[in-house]
Structures are given as C-alpha cells and as structure tokens.
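In what follows, a single structure is set out as structure tokens and then discussed.
A note on names: the letters A, B, ... follow the listed sequences, proteins ahead of strands, and every chain is numbered from 1.
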2 protein chains.
Amino acid sequence: MSHATQEIAPAGGRFERAGIDKFEARRAELADATLATLGELGLARTSLREIAQKTDFSHGVLHYYFRDKVELITFGVRRYKEHCVTRYDAIVAESPDAATLSGRFAHALVATLLDDTAMHRLWYDLRTQAMFDDALLPTVVDLDRQLEEMVWRVVSRHAELADTRVALSRAGAYAVFDGLFEGALQRHLAGDTTATGRLRDDAVVLLTRLMVAPTS
Amino acid sequence: MSHATQEIAPAGGRFERAGIDKFEARRAELADATLATLGELGLARTSLREIAQKTDFSHGVLHYYFRDKVELITFGVRRYKEHCVTRYDAIVAESPDAATLSGRFAHALVATLLDDTAMHRLWYDLRTQAMFDDALLPTVVDLDRQLEEMVWRVVSRHAELADTRVALSRAGAYAVFDGLFEGALQRHLAGDTTATGRLRDDAVVLLTRLMVAPTS
DNA sequence: GGGATTCCTTGACAGTTGTCAAGATCGGCA
DNA sequence: TGCCGATCTTGACAACTGTCAAGGAATCCC
C-alpha cells in the first residue's frame, strides 16, 4: 500500500514506521515551493509545472503527494497560516499599558507587511477567489475566523488595559484593521513608499478610536 | 478604413458620421456582457468564448471591437465604475445633520451590497489581480483613487456637520470602510445572513468614532 | 441594382493546463 | 545479491485559452 493511497483515503490505518515522516516531510517541502510560487505569480497564473520547477522534482510528483491542485494549495496555505494567527500574541501578553500595545501592534503590522509581502498578497488572492470558487471556501472561512480571533485578542486586550470597551462587533473590528492592512499592502506593491508609514499611524489612531466608555 | 483600426489606433481622425454611435453602442453592449460574465465567474475563469456566449454574437467579434482581453475588461470596468463613484453624493448633499448622514450612508452601503453583489465581487477580484498583473494596475489605481475621494466626501462632510475633524488619513478612512464592506460582502456570499445587519451598525459606529475634537 | 465598406462568423493556430498511466529508479530487507 | 515496494520521471491525453486570418453576410451610398 502506497503512502499516496493512505493520505488520499485517510480512513486507512498507518502501517508505516519511518516512512510517514519522510512522506510528510516531502509534502511540506512541496507545499513550501507551492507557497513561494503562489506568492510570486498568484493563483490564476500558477501551474503545477511551475511549482515543480521550483523543486528538484518533476511535475508528476505533485500528484503522488496530493490528490489535486486544490488539496495542494489548501494544504500549503493552512501550513503557512498556522504561523501567522499567533503573530501578535506575544505583544498582547507583554504590553503593560494600552499605549504600548497599540504602538507595538502597529509596528508589527508594518513589519509583517514588509517581511511577508508575497504571502499576504497570496492570502488576499485566495480569499477573493473563494468568492467565486466554493472549493476554496472552507479553508478561507476557517483561516479568516482565526485571523478575526487574533485581531480580537489585540483589540479586546487594549480595551481591558484602557478600562474601556470596544465599539465595534468582532467581525467589524477585524474588518477595519484588515482593510487598513490590505490597502497599505496594495499601495506598497504599487510603489507607494508612504503606505507603511500611514499604516502605522492609522493603526494606532484607529485602535484608540475604537475604544468607548464602558456602559456599566 | 474600419472602426476597429480607428479605435485601436485612436490617433486617426473620425471620418464616420453615424457609424461611431453604432460602434460605441456595440462596444457598450459587449462590455456589459463582459461585466455580467466576470461578476459571475471571476477573472480567472472567464474566457472570451464564455463572454460571447452571453451575447448574440460569436467569440470572434470581441477582437473586432477590442484589441485584446485586457482592453475589453478595463473598458467594461471603467464603464461600470463611473456609475458608482458618485453613489453617495446625493446623500452627502442632502443630509441635514451628521446622524442622518451616517444613517443614510450605512443604509446605502447595505443596499448596494445586496443589489450589486456580483459587481462588487468583480471589483475586489480585479483589484487583487492587479497586485500580480501590472497590466491591470493603471485602471485599478485610478478607480481606487476615485473611490477614496467618494468615501472622503462622506467622511469629511460628516465631520463638517458635526463640527469635528477626521482622525484618520484620507487613505485610512477609505481603507477602513472598504474593509468593512469587503468583509460583509464575503460573509454575505458565504451564506452569513447577519452580515449586512452588522455592516449597517458598524458603519454608523465607525463613522461616528472617526470624528475627533478639532485642534484649532 | 451594384459596388464598396462595415460587420460578423468560422475555423484554425500555438500554447497552456490538470490529470493520469506506464515505466524507470531508488532504497531497504531477505 | 536479488527482490519488492516506495518514489519519481516521462510522455501523453483531452480540454481549454487568446489570437487572428480568411471569408461570408449585411448594410450603406451612389
């Protein structure tokens, strides 16, 4: 029984000893090449042959490790986003007051925009395509929810530190910061060198402005 | 001399009398079919043959009226967005106070989300693809600027009516409302029936919260 | 009516895509 | 060593794409 069969029909048990590790390692390797290509070219222009060209293998191997293109892409994106959704947790945990939190948060936003530009671009591409392709929807909805939680941890902690409450819904709080970030990313990619500076300033202002006196 | 040659090399003068109107009318007709198809399938899945299938003509006619796919798409999107970028101007002009303005604005946001769902989805698709494809960038940057102006007219008028100033940058103000709208659109398309209600509430809150006491 | 021009269709082209089957190659175990 | 399964390559497939040339059909003007 081949690994491929096991993975594609995961109902089967795992009889292998060390082979699983090797199999999963190869999957991860191919998924990383997938992410690199997707971030560079976008979902529409990325072909399996182009992904394989970024590895030491030929294009056929992708169908040995993944059922089809959708599984390859979703596996890769899920793998990456796992590292993202806790990105600000240290800041949330360690900031002593509201002003420090907002400043560090804004700084981290700018930092990841500059460091992981291609990956963020890929994420927005994927999320937009999910509006047309239901096959991508489960992955996107799931990750979006995690990102919403991540932002909410920042926003609600800020409210806590400032002894206020948040004026927007959970989804709304995520949406406004996401919009701020997406806008800055787009301008940055279009050559606007002032985009990241504005992002930092606007993020601080916005976080402060979303706080409102507690009702109780 | 054919129309096509004239249009493709617009340096030439216009020798025709009534032909121009007919030519432009046909272009508009084909552009509308293009928009309908793009809104339904998305940029990646829309082929010229599929667009033509939505008209009474065959696929070859598209290359008679448009140089290539990019010109067809950008022409269509520009044509549509011209009707959008003044969408809230009547509200801005006629609202007597800040509360009325914010309420009507939020209502209009929800209304266009529901009425023009496919077109907004298409716009976000196009804007995202422009992050990967420079051929789309000029059109997207241009329209984005117009949308930014449109939102700014609402926000700055609201500040004026409330005798306050806006706490965010122009780009930031646009970005947060755009994020709110895009998030609601995505959730609406994913089947979340509460998305539009939250959009309305969040928009009112956000518009109010962006106002800050004047410095002078 | 007839010729010229505009408009539109047809069919083909070269290239690309996801998918998969057949077989080569590698690695470990007997 | 020789076998066998896991791994990988190769080549092909059918479908699809944007583009365009050749020609039919419609229309207009004299």
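As judged by a 4.0 angstrom heavy-atom cut-off over every strand, A/T46 is placed among residues touching the sugar-phosphate backbone only.
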Are B/D125 and A/T128 close enough, and set up right, to give a side-chain hydrogen bond (donor to acceptor under 3.5 Å, both in side chains), and what steps lead you there?
-> CA-CA 6 Å; B/D125 189 14; A/T128 304; 5.9 Å; no
Can you list the steps and then say if B/F181 with B/H120 is a ring-ring contact (aromatic ring centres under 6.0 Å, His included)?
-> CA-CA 10 Å; B/F181 190 83; B/H120 291 298; 4.8 Å; yes
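When rounded to the nearest whole Å, the span between NE2 of B/H63 and C1' of C/dT10 equals 15 Å. Rounded to an integer number of Å, the gap from CG of B/L48 to C1' of C/dA12 is 16 Å. Rounded to a whole Å, the CG atom of A/L62 is 13 Å from the C1' atom of D/dT7. Here the C1' atom of nucleotide D/dT17 and the CG atom of B/L72 are 15 Å apart, to the nearest Å. Atoms CG (A/D56) and P (C/dC26) sit 15 Å apart, rounded to a whole Å. Note: NZ (B/K22) to P (D/dC28) measures 6 Å, nearest angstrom. In this structure, CG of A/L41 is placed 14 Å from C1' of C/dT16, rounded to the nearest angstrom. Distance CZ (A/F66) to P (C/dG18): 15 Å, rounded to an integer number of Å.
Here the two rings, on A/F105 and A/F177, have centers that are under 6.0 Å apart.
At D/dC16, none of the side-chain N or O atoms of B/S47 fall inside 4.0 Å of OP1 or OP2 (strictly under the cut-off). Considering only side-chain N and O atoms, B/Y64 lies nowhere under 4.0 angstrom from the phosphate OP1 or OP2 of D/dC20. For C/dC8, one of the phosphate oxygens OP1 or OP2 lies less than 4.0 angstrom from a side-chain nitrogen or oxygen of B/R26. Listed pair B/Y65 / C/dC8 meets the phosphate criterion, a side-chain N or O lying under 4.0 Å from OP1 or OP2.
Nearest-nucleotide mapping onto DNA chain D: of A/H59 and B/D68, the residue sitting toward the 5' end is A/H59. Mapping A/K69 and B/S58 onto DNA chain C via the closest heavy atom, the residue that lands nearer the 5' end is B/S58.
Ranking C/dC20, D/dC8, C/dT9 by closeness to the B/F57 side chain, first place goes to C/dT9.
Below the 3.5 angstrom threshold, one finds no donor paired with an acceptor across the side chain of B/R49 and the base of C/dT9.
Within 6.0 Å of atom CD in A/E29, more than 12 heavy atoms from other residues, nucleotides or ligands are found, so the atom counts as buried in its surroundings.
At a threshold of 4.0 Å, the pair A/R45-A/E40 does not count as salt-bridged, since none of the basic side-chain nitrogens sits closer than that to a carboxylate oxygen.
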